[in-house]
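Okay, structure first, notes after.
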Amino acid sequence: MEGREYRSIWYEPASDQVRIIDQTRLPHHFEIRTLATLTEACEAIRAMRVRGAPLIGITAAFGVYLALRENPAGLREAVSQLQATRPTAVNLRWALDRTARALAREPPDSIAARALQFAIELADTDSACCEAIGEHGSLLLERLWRAKTNKGHPSVNEGHPSGRGHPSTESPGHPLQVLTHCNAGALATVDWGTALAVIFKAAAKGIPLHVWVDETRPRNQGAALTCWELRQAGIEHSLIVDSAAGHVLSRGMVDVCITGSDRVSAAGDVCNKIGTYPLALAASDNQVPFYAALPVSTIDFDWPSMESPIPIEERGAGEVSMASGIVAEGEEAEVRQYPESSPIRNFAFDITPARLVSGIITEHGVCKANRESLAELAGG
Ligand code: MRU
């Protein structure tokens with residue numbers, strides 16, 4: 001933004017403040033917000049000021065610090081309040097379990113400082129994992145693009161100074177057509193993203209890309225956040241309504257689908273933003289590969305397969321019945337789209353069976369969506 005690189009969450013030592021980009025304000029306003037207390041950290045996760053599986057885990061780790069800064073005896077209560085904010089993304093539990101373990105034997109006079117150090121370490125690790133996901137995934141996109149153009153290696157340019165964009169205009173052939181759902185970008189993690197990291201890295205290598213962005217009703221993370229990130233990076237993209245995905249897939253307008261994930265079962269089933277499952281079905285029906293990109297912290301080895309239930313978040317009806325945006329005069333407004341009289345169910349996630357998943361892209365490489373490959377990946 002304006003020549004400055006931001007992470008989606010960071011700590012400012014000079015003021016002892018935890019800061020976030022408030023994602024509920026994008027794309028119309030870029031606003032930075034301070035999280036000063038445990039209550040504010042919980043509210044930010046619940047209200048989706050921060051969102052995306054990896055980022056809510058890291059925010060929770062900083063939330064533990066904020067709690068212990070006030071009350072060095074408050075570890076257990078902080079973990080329990082943070083854990084209750086959102087139920088589906090396993091990264092929240094992952095980050096809280098690790099934080100609680102790291103602090104278990106810490107004396108009261110140093111526990112807050114150690115919590116802060118641990119949250120910063122987790123944030124740095126998340127950023128490095130996402131960059132590695134991008135590297136591995138970009139090799140996959142390069143192979144797909146070579147196969148598509150059958151013209152050998154694309155002309156590689158230097159890319160955007162940030163290393164995240166601007167495919168070469170001199171590259172031969174048509175762009176590789178990538179479709180993504182929701183926002184699995186830098187905003188959903190500490191930095192880089194997962195599905196979008198793959199796209200940023202491929203674009204920086206000079207692979208010409210065009211990204212189809214699903215709107216992602218009802219909160220429109222695709223339209224509001226993914227399009228915003230792709231614009232910042234100068235990557236060609238088009239916004240489509242969710243129900244248009246089947247159409248573009250069936251017309252041969254998509255070469256590969258890549259999404260993020262909130263939880264992957266030990267058998268390779270992919271839980272992600274509502275609408276991912278029908279997308280994977282349409283991709284499979286049209287022989288278009290469907291990949292999920294995620295850090296290993298998103299794999300829940302305690303979830304054997306989708307035959308066993310996991311908590312699927314249901315959010316408020318207002319997210320469906322109301323729409324918010326900018327009216328002609330530039331003022332923000334919220335409007336009612338539907339009367340309150342019909343009951344609304346607002347399921348936030350669905351599960352795509354492993355059989356529809358062509359592969360899982362992680363920081364360790366790309367593997368098959370099955371029990372053996374995932375176990376091997378975690379072991380190595
Ligand atoms: O409800 P959200 O916006 O938190 O859902 C986010 C997603 O479903 C993402 O695809 C997922 O968390 C992966 S983010 C790298």
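Atoms within a ligand are numbered from 1 in the order they appear, just like the ligands themselves. Bear in mind the structure is a predicted one, so any value in this text is a computation, not a measurement. Computed over heavy atoms, backbone and side chain alike; hydrogens, waters and symmetry mates excluded.
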- Query: Under 6.0 Å from the CZ atom of Arg76, do we count more than 12 heavy atoms belonging to anything else shown?
  - Reply: no
Does some non-hydrogen atom of [X] fall short of 4.0 Å from ligand 1?
X: Pro54; result: yes
X: Ser261; result: yes
X: Cys182; result: yes
X: Arg219; result: no

- Task: Report yes if the side chains of Leu356 and Leu281 come closer than 4.5 Å at any heavy-atom pair, otherwise no.
- Result: yes
- Query: Under a 4.5 Å cut-off applied to non-hydrogen side-chain atoms, are Gln23 and Arg49 in contact?
  - Reply: no
Which heavy atom of the protein is the closest neighbour of [atom], given with residue, atom name and distance?
atom: atom 3 (O) of ligand 1; result: Arg51 NE, 2.6 Å
atom: atom 9 (C) of ligand 1; result: Asn272 OD1, 3.5 Å
atom: atom 8 (O) of ligand 1; result: Asp262 OD1, 2.8 Å

- Should Met48 be counted as touching ligand 1, given the test is an N or O pair under 3.5 Å? no
- Query: ligand 1 and Thr194, any nitrogen or oxygen pair closer than 3.5 angstrom?
  - Reply: no
Between [X] and [Y] (salt bridge meaning N to carboxylate O under 4.0 Å), is one present in this structure?
X: Arg217; Y: Asp242; value: no
X: Glu31; Y: Arg33; value: no
X: Lys273; Y: Asp214; value: no

Distance filter under 4.0 Å to [X] heavy atoms, resulting ligand 1 atoms:
X: Lys273; result: 1 (O), 2 (P), 5 (O), 8 (O)
X: Arg86; result: 1 (O), 2 (P), 4 (O)
X: Gln221; result: 1 (O), 2 (P), 3 (O)
X: Ala188; result: 14 (S), 15 (C)

- Message: Students often mix this up, so state it plainly: with edges at 30° and 60°, are the rings of Tyr11 and Tyr65 parallel, tilted or perpendicular?
- Response: perpendicular
- Message: Side-chain heavy atoms nearer than 4.5 Å, only ILVMFWY residues, links allowed to pass through others: does that put Leu92 and Val90 together?
- Response: no
- Note on the structure: In Thr259, Thr216, Asp262, the residue satisfying side-chain contact (heavy atoms from CB on, under 4.5 Å) with Thr276 is Thr259
